[in-house]
Amino acid sequence: KNEVEQSPQNLTAQEGEFITINCSYSVGISALHWLQQHPGGGIVSLFMLSSGKKKHGRLIATINIQEKHSSLHITASHPRDSAVYICAVLLETSGSRLTFGEGTQLTVNP
Amino acid sequence: DGGITQSPKYLFRKEGQNVTLSCEQNLNHDAMYWYRQDPGQGLRLIYYSQIVNDFQKGDIAEGYSVSREKKESFPLTVTSAQKNPTAFYLCASSPRGPSYEQYFGPGTRLTVT
């Protein structure tokens with residue numbers, strides 16, 4: 001079993017829909033990252049959080065440390081949001097090494 | 001502009017040849033990382049370096065080698081011992097320590113035939 005599980009693996013939405021991507025992990029962590037990978041392959045960091053909630057534009061990330069669960073929400077989705085969204089955790093015992101989920105492929109249709 | 005560069009974007013090699021992937025950063029970051037990405041799998045750590053002249057094996061280091069002679073540069077050599085070298089390779093960097101975001105390069109897609 002992977003230490004980091006994402007759901008769903010694939011998600012198709014219509015423009016304007018509210019989207020939620022989930023990430024669950026099974027071990028103690030220091031922080032959790034949400035990353036975005038575009039079709040060309042480049043990866044950008046969206047959020048790093050260790051508690052509570054962060055918001056940036058239409059993106060919201062939440063984390064519940066007790067439940068070992070995080071969600072990434074996209075409000076008013078747009079075709080340009082189509083990408084792979086990756087959850088990665090910094091394990092308490094791993095220093096600065098990240099452990100990655102397999103990613104969620106999001107497609108937003110116009 | 002500050003950032004991480006990887007070159008080339010696409011690389012083709014014949015089986016049995018060693019190949020070196022370039023990663024350069026001008027962000028003044030101490031730590032650098034090499035990841036491998038395969039379809040349907042999460043990124044996996046090959047090697048990482050927390051400081052110049054020091055590096056550690058990641059989860060899938062067999063068949064790979066690295067050097068860290070300069071702070072800005074962390075080249076990865078894919079040797080002929082790597083059984084399945086065809087993959088997408090990503091380099092990243094961060095300030096030293098666990099509380100920082102990692103910044104990723106654009107990646108190199110290596111195809112070995």
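Each chain gets a letter, A, B and so on, in the order the sequences are listed, and its residues count up from 1. Because the structure is a prediction, the values reported are computed rather than measured.
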* For chain B, which of Gly42(A), Gly41(A), Gly103(A) has the most heavy-atom pairs under 4.5 Å? ->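 Sorted descending by pairs with chain B, the first entry is Gly41(A).
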Would a 4.5 Å heavy-atom cut-off, applied to side chains only, mark [X] and [Y] as touching?
X	Y	result
Tyr103(B)	Val44(A)	no
Leu90(B)	Gln37(A)	yes
Leu45(B)	Phe100(A)	no

Please check if [X] and [Y] belong to a single hydrophobic cluster, counting links between Ile, Leu, Val, Met, Phe, Trp and Tyr side chain heavy atoms closer than 4.5 Å.
X	Y	answer
Ile60(A)	Leu46(A)	no
Phe55(B)	Tyr35(B)	no
Trp34(B)	Phe88(B)	no
Val84(A)	Leu32(A)	no
Leu106(A)	Ile86(A)	no

* Shortest non-hydrogen contact between Lys57(B) and Arg97(A), atoms and distance ->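 Taking Lys57(B) first and Arg97(A) second, the nearest heavy atoms are O-NH1, 4.0 Å.
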* To do: Write down the atom of Glu101(B), the atom of Ser45(A), and the distance for their closest heavy-atom approach.
  =>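 Closest approach of Glu101(B) to Ser45(A), heavy atoms only: OE1-OG, 3.0 Å.
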* Asked: Where on Gln105(A) is there a heavy atom nearer than 4.5 Å to chain B: the side chain, the backbone, both, or neither?
  ->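 No part of Gln105(A) comes within 4.5 Å of chain B.
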* Residue Ile43(A) versus chain B: region with a heavy atom under 4.5 Å ->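 Answer is both: backbone and side chain atoms of Ile43(A) are under 4.5 Å from chain B.
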* Asked: Does CD belonging to Glu17(A) count more than 12 external heavy atoms closer than 6.0 Å?
  ->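 Buried by this count: over 12 neighbours within 6.0 Å.
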Could you tell me which portion of [X] (side chain, backbone, both or neither) has an atom closer than 4.5 angstrom to a non-hydrogen atom of chain A?
X	result
Gln6(B)	neither
Gln41(B)	backbone
Gln37(B)	side chain

* Asked: Taking only heavy atoms into account, what residues of residues 70-81 of chain B are found under 4.5 Å from chain A?
  ->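 Within residues 70-81 of chain B, no residue comes under 4.5 Å of chain A, counting heavy atoms only.
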* Distance in Å, Leu98(A) CG paired with Tyr33(B) OH, rounded so as to fall on 0.5 Å steps ->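 If we round to the nearest 0.5 Å, Leu98(A):CG and Tyr33(B):OH are 7.0 Å apart.
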